[in-house]
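Let me begin by presenting the structure, written as structure tokens, before commenting on it.
Keep in mind that what you see is a predicted model, and the values were worked out from it rather than measured. Residue numbers start from 1 in every chain, and the chains themselves are labelled A, B, ... in the order their sequence lines are given, proteins ahead of strands.
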Amino acid sequence: MSKYDFGAYNPASIEKKWQKIWEDNATFEPSPDHSKPKFYGLIEFPYPSGNGLHVGHPRSNTAMDIICRKRRMEGYNVLFPIGWDAFGLPTENFAIKNKIHPEIVTANNIERFRKQLKMLGFSFTWTSEVNTTDPAYYHWTQWIFLQLFKAGLAYKAEMPINWCTSCKVGLANEEVVNGVCERCGGEVVRKVKSQWMLKITEYAQKLIDGLDTVDFIEKVKIQQRNWIGKSTGAEVDFKIKDADDSIRVYTTRPDTLFGATYMVISPEHKYIEKYKDRITNYAEVEAYKDAAAKKSEFERTELAKEKTGVELKGLTAINPVNGKEIPVWTSDYVLSSYGTGAIMAVPAHDDRDFEFAKKFNIPIIQVVGGCDITNAAFTDINSGTMINSGFLDGLSVTEAKKKIISYLEEKGIGTGKVNYKLRDWVFSRQRYWGEPIPVVNCPKCGYVPLDEKDLPLLLPEIDNYVQTDSGESPLVNVPEWVNTTCPCCGGPAKRETDTMPQWAGSSWYFIRYTDPKNANELASQEAMKYWLPVDWYNGGMEHTTLHLLYSRFWHKFLYDIGVVPCPEPYQKRTSHGMILGENGEKMSKSRGNVINPDDIVNEIGADAFRLYEMFMGAFDQPIPWSTDGARGCYRFLERVYKLMKFVTEEKEISKQHEKSVNIAIKKVSEDYEKMKYNTAIAAMMGLVNDFYAAGTLSKGDLATLLKLLYPVCPHMTEEMWQLVELPGMVHEAKWPECDESKTVSQEVEIAIQILGKIKARINVPTSLDRNQLAEYVLENDEVKALIDGRAVRKVIAVPGSLVNIII
RNA sequence: GCGGAUAUGGUGGAAUGGCAGACACGUUGGUCUUAGGAACCAAUGCGAGAGCGUGCAGGUUCAAGUCCUGUUAUCCGCACCA
């Protein structure tokens, strides 16, 4: 027995002790020396909800903590900041219900989150903390808005909101459940309001192109590209018969123009109103329009299984390429928000049009040959040649597309057009708990931005956070705040009372982290040049299309106006899976399956908790929680702790364990980088099992294990490092390097297959190449017996693995 | 509906096209014990066995959990939840 026997593992005291040491020594503060190589690791800053920390937060945090701790051991200057995304709906609703100011609610929630995060021992740069609701922070959120406004990227537009007819308040989508108000069950309709919009569409192409320059996991890139939804096609004008107007459509298939047998305009299309006198069945159309207004876009496309629609009787359009008169319909599967809000329908070559035409007995004209359209539309664009299409006949779809576009442009009836599904960002909320939009409305000058020197525009103190009956923000009830003077003409003017969405503050927080206390600018050039871009950003897949895209948009804009030094904010983006309840369902209060991190840490300690969250399964997959599994991780740490009893004074890696230790170094180092934490930990468990099987290990063996395990379980590894009298502290040690030469043995067991079936396992020298291995195996007596004199037709040898003999 | 992903023992999961089930959890048996929700040891995919086994149906290959085609189920997102 060694002299290092310290009894039982006691995480509670060890963890407190080391958290204090790290804090007292400012161990994880980045160095001001900017000549050192830097690493900026980022996790999505939490929304400090009233429920406290969710077990999901530590999954992402621990993963990035592991990378950051490893980077420090590799010699990097590391920034790993934390902050609070604290504006938002739940806090405001809580404030309304309990009559407590949201600022106080927020402060309390943050306090609790901070305590919980500290309990888990993350190596955050606590001195860089930011809070989106702090005026010193939202000063710069407002400043960015002003720059967007000045660049013409902020504008006002009529946009629908969800309106509860009984509560008389605007609702977030989340508050609308099955088409009715979540709180009162009242009817929800779409009500149009004038709202601030940001022109993210202007950046659509840049946001696509930028993806080629960054290292995001592929599925994130794919989802972003699909969300932006670029398509190339054409806009074509269809003249309305006996009128001066044309219906403009957007189509990705101008090549099928000869097959257009009807048109569909969205129920909101302006021509319905304009031509109501000519529409003989207007009452029917109007009823349909009202019904459509009650559906969300989501429902409109979802319910598309059973297509509905009404013909606009009395209106006909003329197909510009063949002069044919075709009927005009309205249907809610055509959305006013995409393209021109009107389509030409080619039932032979579009699934939705096909279904619609079948239902309403509209003619179907095939214009791409070589296919069967009796039961379904033919939509493949890579085969078939044009038929029934006049001058396009005989061309391939691609050729036809080019030719028809130049024809349309020549004749002045259409143009080639790139379209994006991406829509502009609705930036207004009729809410209290958000950043005030720094604009005044002047009767003479229109919308005028505040002067930058007047920022931040503070949220006024109010008592009642409820919207007005007309759906205005509660800020309209504060006349002394609303009534102001125009920065332009000095005349009386009114402040904008809508506030910004929660997305605003989270769109640039990673910039503020680099210089969080700067009162003169959002961050200094020096700080941004050193720290940006973020080297590695981990977060949830659910943020892929909104937060990630919004923040890339803002960053690209700031780059274009010369504020930030790099065109992309995040060099690398990875993503974690959600932790589900023990029953495999999403954790929620109502399901009663919520696991509180405090309870787990009380029982098994932060190190075991961290270890379990990394071991529980593949990092990028959703996974159910298992408290039994977590206890298993505690047992592993106990076993590690008790290894000290067997440790010898030998300072080097022992001869006995050099192979397994070096294999573990390689495996753990590679797996951490690939975020394959579960297999990295499995490798360390294997190593510990080897140590126990041998009953002895050197101090060098233990030191290596401690260094590998330190990023996951920093407290207990620091403690053991100290107890066995290793020099310094483990976080100061250098990350171990694998000696490849020590990882191979002389002999290796391979499988012998006959006709693909495993028949035997034999040991062979590791050094044999493919041909040598085949020869060696055929000489083997056991193999000869298996072949039993039959003719060997082919031998496939895979060194280190198997030999397959075909007889 | 659209976009993205996933499917392997009783459970969580491993597996550059090359020995399926590493590493754990759980379970069973044992040792020690006044005791065991402790520790340690052993067994543990199914099947008595030949064999059979990675959601389902096909295909490619000497070889498929992995590649291809189709299909089913589940999860995430869908723009005012964060």
With rounding to whole Å, what would you report as the distance between G4(B) and A50(B) at their P atoms? 46 Å

Rounding to an integer number of Å, can you tell me how far Y420(A) OH sits from C78(B) C1'? 21 Å

Given the P atoms of G55(B) and A14(B), what is the spacing between them in whole Å? 14 Å

Any strand, both distances under 3.5 Å, Watson-Crick or G-U wobble: C75(B) pairs with G4(B)

Watson-Crick or G-U counterpart of C56(B), or none if no pair lies under 3.5 Å: G70(B)

Using a cut-off of 4.0 Å on non-hydrogen atoms, how would the nucleic acid contact of G686(A) be classed: base, sugar-phosphate, or nothing? nothing

Just call it for F636(A): base, sugar-phosphate, or nothing, with non-hydrogen atoms closer than 4.0 Å on any strand. nothing

Check whether the ring centres of F356(A) and Y333(A) lie less than 6.0 Å apart, and answer yes or no. yes

Expressed in angstrom and rounded to an integer, what is the separation of F427(A) atom CZ from C80(B) atom C1'? 13 Å

Tell whether Q223(A) reaches the base of C76(B) with its side chain through a donor-acceptor pair below 3.5 angstrom. no

Base, sugar-phosphate alone, or nothing: which one does L422(A) contact when heavy atoms must sit under 4.0 Å apart? base

Got a salt bridge between E472(A) and K193(A), using NZ or NE/NH1/NH2 to carboxylate O under 4.0 Å? yes

Nearest-Å distance for atom pair CZ/C1', residues R423(A) and C80(B): 12 Å

Can you check whether W433(A)'s main-chain N or O pairs, donor with acceptor, with E92(A)'s side chain at less than 3.5 Å? yes

Quick one: E613(A) CD to A24(B) C1', roughly how many Å, whole number? 16 Å

Nearest-angstrom distance from the residue atom CD of E174(A) to C1' of C78(B): 14 Å

Between atom NZ in K676(A) and atom P in A24(B), what is the gap in whole Å? 18 Å

Which whole-number value in Å describes the distance from I43(A) CD1 to A82(B) P? 18 Å

Between K219(A) and L580(A), just flag the one whose closest nucleotide in RNA chain B comes earlier from the 5' side. K219(A)

Ring centre gap for F646(A) and Y692(A) strictly below 6.0 Å: yes

Shortest non-hydrogen contact from G540(A) to R573(A)? O-NH2, 3.1 Å

How would you summarise protein contacts on nucleotides 61-70 of chain B per nucleotide, using B for base, S for sugar-phosphate only and - for none, with heavy-atom distances below 4.0 Å? -B--------

Could you state the atom-to-atom distance from CG of N678(A) to C1' of C23(B) in whole Å? 9 Å

Run the numbers on E670(A) and K676(A) for salt bridge (charged side-chain N to carboxylate O under 4.0 Å, His left out), then give the verdict. CA-CA 8 Å; E670(A) 288 173 359; K676(A) 297 186 73 170; over 6 Å; no

So does S745(A) get a backbone contact from the side chain of T766(A), meaning a donor-acceptor N/O pair under 3.5 Å? yes

For nucleotides 26-45 of chain B, give me one character per nucleotide, 5' to 3': B if any protein heavy atom sits under 4.0 Å from the base, S if the only such contacts are to the sugar-phosphate, - if neither. S------------SS-----

Whole-angstrom distance between C25(B) and G21(B), as gauged at atom C1': 14 Å

For G17(B), which nucleotide in any strand shown is its Watson-Crick or wobble partner with both distances under 3.5 Å? none

Can you work out whether A683(A) or E175(A) has the more 5'-proximal nearest nucleotide on RNA chain B? A683(A)

Mark yes or no for whether R59(A), through its side chain, and G577(A), through its backbone, hold a donor-acceptor pair below 3.5 Å. yes

N804(A) (side chain) donor-acceptor with G756(A) (main chain) under 3.5 angstrom: yes

